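Note that the structure is predicted; figures quoted are calculated from it, not measured.
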Amino acid sequence: MKPFLATLAVTALAVPSLAAAASPAVKVTDAWCRAAPKGALAGGCYLTLAASVDDRLVAVETAAAGRAEIHTMSMDGGVMRMRQLADGVALPAGKPVALKPGAEHLMLIGPKIALTPGAKVALTLRFKSAPPVTVTAPVKTAPTPAMSMPMGGH
């Protein structure tokens, strides 16, 4: 019985350290939010995520808006379309995933603060496996890409 208890004790001590070494984590870099005009109904935030193991960004929370959502943007027949990604964004292990203008991004719906340059937005990111990460994203003015408009008549 004593060898069994000794083995059990060694196993119990080893398992937490193994779990800590393999625990999922997500590194967040380059967080920022786009400046929006006064009275804007929504605003966009962007950042880069790097997961240590396969994971998924599943939610975002902030006190700076009525709600925050994970969105994607695409062009369809010359029309910009945005939609919420209900299942979030996949984060493959070791591969940075950029949430950026014109692609996947975070939307602040009903901002409660002025999204003016110099303001800061606290964002809490929730993942399927990794613990939540809170970052502070500065609000910046970003250059708007020129829209391609046909010239002349029909």
Side-chain contact test, heavy atoms from C-beta onward, threshold under 4.5 Å: evaluate it for L91 versus R56 and give yes or no. no
Compare every heavy atom of A31 with every heavy atom of L47, then report the nearest pair and how far apart it is. CB-CA, 3.8 Å
Do L85 and V97 sit in the same hydrophobic cluster, where Ile, Leu, Val, Met, Phe, Trp and Tyr count as joined when their side-chain heavy atoms come under 4.5 Å apart? yes
Check the pair C45, L108 against side-chain contact (heavy atoms from CB on, under 4.5 Å), reporting the backbone distance first and the verdict last. CA-CA 8 Å; C45 296; L108 304 179; 3.7 Å; yes
Verify the cluster assignment for V28 and V139: are they in a single hydrophobic cluster under the rule of side-chain heavy atoms below 4.5 Å apart? yes
I would like to know whether R83 and T72 meet side-chain contact (heavy atoms from CB on, under 4.5 Å); could you show each step before the answer? CA-CA 6 Å; R83 66 180 175 87; T72 188; 3.7 Å; yes
Any side-chain heavy atom of V26 within less than 4.5 Å of one from V53? no
Taking every heavy atom of A35 against every heavy atom of T141, the minimum-distance pair comes out as CB-OG1, 4.1 Å
Can I get a per-line list of side-chain donor-acceptor pairs under 3.5 Å for residues 115-137, giving both atom names and the distance, sequence neighbours left out?
from: T124; atom 1: OG1; to: T134; atom 2: OG1; distance (Å): 2.9
from: R126; atom 1: NE; to: E61; atom 2: OE1; distance (Å): 3.2
from: R126; atom 1: NE; to: E61; atom 2: OE2; distance (Å): 2.8
from: R126; atom 1: NH2; to: E61; atom 2: OE1; distance (Å): 3.1

R81 and D76: side-chain contact (heavy atoms from CB on, under 4.5 Å), yes or no, with the steps? CA-CA 7 Å; R81 299 196 187 277; D76 182 16; 3.1 Å; yes
All heavy atoms of P111 vs all of A40, minimum pair found to be CD-O, 3.6 Å
Can you pull the ring-ring contact (aromatic ring centres under 6.0 Å, His included) pairs that have at least one residue in residues 93-119, sequence neighbours excluded? H71-H105
Would you mind reporting whether I109 and L41 have side-chain heavy atoms less than 4.5 Å apart? no
If Ile, Leu, Val, Met, Phe, Trp and Tyr residues are connected whenever their side-chain heavy atoms lie under 4.5 Å apart, and connections chain through other members, are V89 and Y46 in the same group? no
Ignoring hydrogens and geometry, is there a side-chain-to-backbone donor-acceptor pair from D54 to A93 under 3.5 Å? yes
Could you walk me through whether D30 and L49 satisfy the side-chain contact (heavy atoms from CB on, under 4.5 Å) test, starting with their C-alpha distance in whole Å, then the side-chain angles of each, then the deciding distance to 0.1 Å, before giving a yes or no? CA-CA 9 Å; D30 304 323; L49 303 166; over 6 Å; no
With sequence neighbours left out, which residue pairs that include part of residues 85-103 fulfil the side chain to side chain donor-acceptor pair (under 3.5 Å) condition? none
hydrophobic_cluster_shared for L99 and M82, side chain cutoff 4.5 Å: no
Please round to the nearest 0.5 Å and tell me the distance separating atom SG of C33 and atom CE of M107. 10.5 Å
